[in-house]
There are 2 protein chains.
Amino acid sequence: MDFNEKQIDILLAAERLFATKGFDGTSVRDIAHEANVNVAMINYYFGSKDKLLDTFFEWRVPDFMINVDELALIENALDKIDTMVDRSIKSMNSHRKLYHIITIESSLKQRMLISAAFRKLKLHNLEVISSVINEGVAQGVFKGGNDPILIHSMMMGTFMNFQMNYSFLQEQLRIASDTEYARYIETTLTQFIQKTIKALLTYEK
Amino acid sequence: MDFNEKQIDILLAAERLFATKGFDGTSVRDIAHEANVNVAMINYYFGSKDKLLDTFFEWRVPDFMINVDELALIENALDKIDTMVDRSIKSMNSHRKLYHIITIESSLKQRMLISAAFRKLKLHNLEVISSVINEGVAQGVFKGGNDPILIHSMMMGTFMNFQMNYSFLQEQLRIASDTEYARYIETTLTQFIQKTIKALLTYEK
DNA sequence: GACAAAGTTAAACAAACGTTTAATTTAAAC
DNA sequence: GTTTAAATTAAACGTTTGTTTAACTTTGTC
């Protein structure tokens, strides 16, 4: 999975355009123009527009996997939650536009390659969360009876909501720039999700 | 805002197709075929494909507004949260496919009419949540320092995640049918969000 | 420097797109 | 029954779509 300069130009151009116009809303000519290459180069290198999206996702997907090794070093269950959330949000946020596209595309159509890879990713991250929670329950730090699927959904959903309602939230939070918004996600939003999960896992009744 | 039978056929056909294929992924010929009408009827009645989406949204948007009158009758702050969440989820869930499309479309493009109407809707619901929380804080039932925007985002995001990751979650939760999934959202997921908000608002530190 | 392979280009391809036209049918009004 | 407007149709409109072609240039190898 190594690409030459021109291929990377195309992948990055596609990433930018898909994020603002969607997959169907972006033409291969748009991509070619944005990447400063000839239209035919996209089919030459990637086969088709669909395969470009597949390749694109496979290129980025490893970045979204939660690192298990790092978590294994942490003993305290509450700290584990914090680190897990922090790393998850950071990885999604660093490629947030891609994550946006993938979520939309896999929710709309049967994209075999993407759906399969995306499914594996979610399954991995779900298992990591599950084990962190179960460990905390075993230690007596967390209350039982909380479905990890729901907690996982809450984390992913809250983050995604910040992508999908970007302009509304930027206005409401009085955030001027793109970079400040990204920083807000990695600080305030991350802390909110950490607090929410911990509140939930220690909540009586 | 009253439509004849044929117009409603078109709106319903569009709703079904947009939900599965997206707006750009659906052609006016698809819609015409699904609604059993001539292609030209869509432009005849709605002007254009874009205006069809606008009309479509305006047609449904009142259903998504949280009813303030009902909440005013409830005194207990915790009960207010429960009712507010229950009604929000119920309304979104009853038109969940439309909500799916609108979220995607308004996140991708500058759709003036939709964005404006959607913005008003979110603003209304956000204000309702804010007042419920502030009331609870004034009563001493809730801890202060929780931004209503984040709680609102959490609720909407968690719900939306259940739309966007439909097949993954259906598989993980071992839910066989569409109706059972809808029921799960209105029971288990609703309770989870209610619990999460209450845990958050009463959480120490 | 000849040769083969890879890279690159403009042009053309058929198919699908949203929309409009002009002709025809239906419905309502008098 | 005639007239007028609304509804409906098949066909065509000009664009744009993703993809392919065939000619050309660059690059690396012997």
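A note on names: the letters A, B, ... follow the listed sequences, proteins ahead of strands, and every chain is numbered from 1.
Scored by the ring-ring contact (aromatic ring centres under 6.0 Å, His included) test, B/Tyr166 finds B/Tyr181 as partners (sequence neighbours excluded). Under the side chain to side chain contact (heavy atoms under 4.5 Å, CB included) criterion, B/Glu171 pairs with A/Arg119, sequence neighbours left out. For the ring-ring contact (aromatic ring centres under 6.0 Å, His included) test, no residue two or more places apart in sequence or in another chain qualifies with B/Phe168. With sequence neighbours excluded, the residues satisfying ring-ring contact (aromatic ring centres under 6.0 Å, His included) with A/Phe23 are A/Phe18.
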When you check every protein heavy atom under 4.0 Å of nucleotides 24-29 of chain C, what one-letter string (B, S, -) results, 5' to 3'? ------

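For residues 36-47 of chain A, the set of pairs meeting the salt bridge (charged side-chain N to carboxylate O under 4.0 Å, His left out) definition, not counting sequence neighbours, is empty. Judged as a salt bridge (charged side-chain N to carboxylate O under 4.0 Å, His left out), the pairs with a partner in residues 15-27 of chain A (not counting sequence neighbours) are, in order, A/Glu15-A/Arg60, A/Arg16-A/Glu34, A/Lys21-A/Asp30, A/Asp24-A/Lys109. The list of ring pair (Phe, Tyr, Trp, His ring centres under 6.0 Å) pairs with a residue in residues 33-52 of chain B, not counting sequence neighbours, is empty.
Here C/dA6 presents its C1' atom at 16 Å from CD of A/Glu5, a figure rounded to the nearest Å.
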Throw together a table of side-chain donor-acceptor distances under 3.5 angstrom for residues 6-14 of chain A, partners on residues two or more places apart or in other chains.
from: A/Gln7; atom 1: OE1; to: A/Asn4; atom 2: N; distance (Å): 2.9
from: A/Gln7; atom 1: OE1; to: A/Asn4; atom 2: ND2; distance (Å): 3.4

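Listed by residue number, B/Arg29, B/Asn38, B/Ala40, B/Met41, B/Tyr44, B/Tyr45 are the residues of residues 29-56 of chain B with a heavy-atom contact under 4.0 Å to DNA chain D. Looking at residues 8-22 of chain B, you'll see that no heavy atom sits under 4.0 Å from any atom of DNA chain D.
Note on the helix from C/dG1-D/dC30 to C/dC30-D/dG1: angle between the axes of the first and last five pairs equals 10°, rounded to 10 degrees.
The pair B/Asp54-B/Arg111 does not meet the salt-bridge criterion, since no charged nitrogen lies less than 4.0 angstrom from a carboxylate oxygen.
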